[in-house]
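Input: a single structure, listed below in structure tokens.
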Amino acid sequence: MRIKELLKSNAAIGTKVEVKGWVRTKRGNKNINFVALNDGSTIHTIQAVIDASAFPEDLMKQVTTGACIAVKGILVQSPGKEQSIEIQAEGLVVYGSANPDTYPLQKKGHSLEFLREIAHLRPRTNTFGAVLRIRHALAFAIHKYFNDNGFFYLHTPIITGSDAEGAGEMFRVTTLDAKNPPLLGDGSVNFSEDFFGKQTNLTVSGQLEGELGALALSRIYTFGPTFRAENSNTPRHLAEFWMIEPEMAFYEIKDNMDLAEDFLKYLIRYALDNCRDDLEFLRKMYDEELIARLSFILENRFERITYTKAVEDLEKSGENFEFPVKWGVDLQTEHERYLVEKFYAKPVIVTDYPKAIKAFYMKQNEDGRTVRGMDVLFPKIGEIIGGSQREEDYEKLKMRIRELQLPEKDLWWYLETRLFGTAPHSGFGLGFERLVLFVTGMGNIRDVIPFPRAPKNAEF
RNA sequence: UCCUCAGUAGCUCAGUUGGUUAGAGCACCUGGCUGUUAACCAGGGGGUCCUAAGUUCGAGUCUUAGCUGAGGAGCCA
């Protein structure tokens, strides 16, 4: 029986049960031992009470922090204060001992930096157990939300031949010999001899393909790995992360904002409703404000302002910013934080950015100088969602591609969707780890993914 | 990539103005304790003070360079 079920089943009291898990601590004396056992099903442990004289000394010596054991016994009311029930052990099996001289996890606190170096063992800590369970719950809730709202899960390619998304530096995918690649006459690499007959990369976004799906199924979403070869070294960036990208036909920018807000609130509520114990643990250990902050998001409407209004707000704020605010220049992190944390003191959606600082595919406004992009800004983590209404007009889109000197030929299929049965449509990208970061209150994105990939780090 | 800070026992950390043999808690070993709550009490073992060079009678401590990590910035999700 798993510990989570056991702890809530009063019916099992007096019956014989068996639990299997990893030892968190062992306390006691030569007569009696108390073992706190955890199997990952919950943050909580169950206490096994072991009469030392009933088991061989050699066996008891193997029961140390980190060991994997099975305990059979009667489930009883506990006379102790810290737990209501416990197991009176009758049978004990050690599946795997963990030599305390070399096992790196102890029952005292470790730094998150140290745990990153032992990512193969850190899921066994309370913190990472909690984070990983919350991560799972959020992933599940994402699929549930979309499924319940008529969206179809579309699998967009991970290997892509298009370099037109402009979302960042890409990782090359190749089977060519790195030491001795085939060359063209001018000395450049001849990619026509590569596996796909052309240059290919890992995807930086499934959006363009997502649009193809939306212009057939009306509402789709993607949820898959995404890769950016940027040399970004921050607590908010990974080289490999998971991104959710819904794309909807017949949605204008306002519908897009409504969806983004409803979606985020649904996910946060889902975590509050289903991960209470884990959130409580994280609140207690890391971030006293965590649950209050999550509730605050649910209770408040996101402030919706245009980029132009944001610039005005910042200009009249009287704040002394390191980077001066000026219409036409992208908002800096300090500006975004000021708007979200001080000026409005709640999540903010900024729309209608100058077209010069946004991607080619965003729908151009009538004013000729702004586009219907939107960024959802959250306290602590900044940009959690970036999205837009897409340009559905063939001529305008083609002109924009030419203006920016993007490889028009490679985008023929994207352009054709505007030529045949085009439709107004919108979508956005949500960084999954940024969501998990916000919901768990953790400080570093490398601590909310099991095996983080970042510059100079691909261990495990 | 830029800026700032840090690196001392397996882990978490202390180490004063440069001064004798570098400390504590946890973990480990020995002993004690019949119900513990990150159990407790007594004793013990455990160090390339990140690396290299330099200043000095003397460097964990000061200087320079490098490595690694963290925070901030840029890029973005």
Side-chain angles (χ1 to χ4, degrees), chain A residues 23-36 45 47-53 61 64-66 76-83 86 88 98-118 121 125-126 165-169 204-207 223 225-245 260 285 321-323 330-337 357-359 375-378 381-387 428-438 443-449 454-457:
Chain A
V23 174
R24 282 292 158 75
T25 70
K26 183 170 78 166
R27 299 177 287 267
N29 51 49
K30 67 184 170 196
N31 299 301
I32 186 165
N33 281 283
F34 303 93
V35 173
T45 54
Q47 174 160 282
V49 184
I50 302 174
D51 180 356
S53 62
K61 273 199 153 172
T64 58
T65 299
V76 297
Q77 300 274 4
S78 175
K81 282 196 181 96
E82 306 291 318
Q83 63 282 319
E86 63 189 20
Q88 204 70 47
N99 183 348
D101 283 329
T102 49
Y103 184 64
L105 289 173
Q106 296 162 21
K107 47 188 169 182
K108 281 231 168 181
H110 295 284
S111 67
L112 293 169
E113 289 86 354
F114 173 69
L115 293 175
R116 268 171 230 153
E117 293 169 13
I118 51 165
L121 296 172
T125 62
N126 286 331
E165 290 136 354
E169 290 296 310
V204 293
S205 165
Q207 181 199 317
F223 187 175
T226 310
F227 308 87
R228 304 267 167 98
E230 300 286 350
N231 190 13
S232 332
N233 237 304
T234 85
R236 299 181 302 283
H237 289 86
L238 290 166
E240 176 185 286
F241 62 101
W242 289 68
M243 186 152 66
I244 299 103
E245 295 179 290
M285 298 300 288
F321 295 113
E322 189 187 343
F323 297 92
D330 208 357
L331 299 177
Q332 301 288 317
T333 297
E334 58 171 341
H335 305 143
E336 295 178 347
R337 292 195 66 151
I357 59 172
K358 288 291 180 182
D375 286 352
V376 181
L377 309 177
F378 260 34
I381 58 170
E383 186 178 339
I384 192 169
I385 277 179
F428 61 78
L430 167 67
F432 183 54
E433 283 75 17
R434 291 213 178 148
L435 174 73
V436 182
L437 200 55
F438 183 75
N444 192 313
I445 202 163
R446 297 172 192 202
D447 296 330
V448 298
I449 187 168
K456 303 273 183 285
N457 188 358

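Since the structure is predicted, the reported quantities are computational estimates derived from the model, not experimental observations.
Across the P atoms, B:rA42 and B:rU63 are found 41 Å apart, a figure rounded to whole Å.
For A:S232 against B:rC75, a side-chain N or O and a base N or O form a donor-acceptor pair under 3.5 Å.
Distance, A:N33 CG to B:rU34 P: 14 Å, rounded to whole Å. Distance, A:I381 CD1 to B:rG71 C1': 18 Å, rounded to whole Å. Following rounding to the nearest Å, A:K26 (NZ) and B:rC26 (P) show an atom-to-atom distance of 17 Å. Atoms CG (A:L112) and P (B:rC11) sit 15 Å apart, rounded to a whole Å. Protein atom CD of A:E322 is 13 Å distant from nucleotide atom C1' of B:rU4, rounded to whole Å. Regarding A:F241, its CZ atom lies at a distance of 8 Å from the C1' atom of B:rC76, rounded to whole Å. Here the P atom of nucleotide B:rC76 and the CD atom of A:E240 are 21 Å apart, to the nearest Å.
Donor-acceptor pairing under 3.5 Å is lacking for the side chains of A:R228 and A:T226.
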Using nucleotides 35-37 of chain B, report all nitrogen or oxygen pairs with the protein that are shorter than 3.5 Å.
| residue | atom | partner | partner atom | Å |
| --- | --- | --- | --- | --- |
| B:rG35 | OP1 | A:N29 | ND2 | 3.2 |
| B:rG35 | N1 | A:E86 | OE2 | 2.8 |
| B:rG35 | N2 | A:E86 | OE1 | 2.6 |
| B:rG35 | N2 | A:E86 | OE2 | 2.8 |
| B:rU36 | O2 | A:R27 | NE | 2.7 |
| B:rU36 | O2 | A:R27 | NH2 | 3.3 |
| B:rU36 | N3 | A:Q47 | OE1 | 3.0 |
| B:rU36 | N3 | A:Q47 | NE2 | 3.0 |
| B:rU36 | O4 | A:Q47 | NE2 | 2.6 |
| B:rU36 | O4 | A:Q83 | NE2 | 3.0 |
| B:rU37 | O4' | A:R27 | NE | 3.3 |
| B:rU37 | O2 | A:Q83 | OE1 | 3.1 |
| B:rU37 | N3 | A:Q83 | OE1 | 3.3 |
| B:rU37 | N3 | A:Q83 | NE2 | 3.3 |
| B:rU37 | O4 | A:K81 | N | 3.2 |
| B:rU37 | O4 | A:Q83 | NE2 | 3.4 |

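Closest contact between the side chain of A:T333 and the listed nucleotides B:rG74, B:rA70, B:rC26 involves B:rG74.
Under a 3.5 Å cut-off, the side chain of A:E334 and the backbone N or O of A:E322 do form a donor-acceptor pair. Checking side-chain atoms of A:E240 against main-chain N and O of A:F227 turns up no donor-acceptor pair under 3.5 Å.
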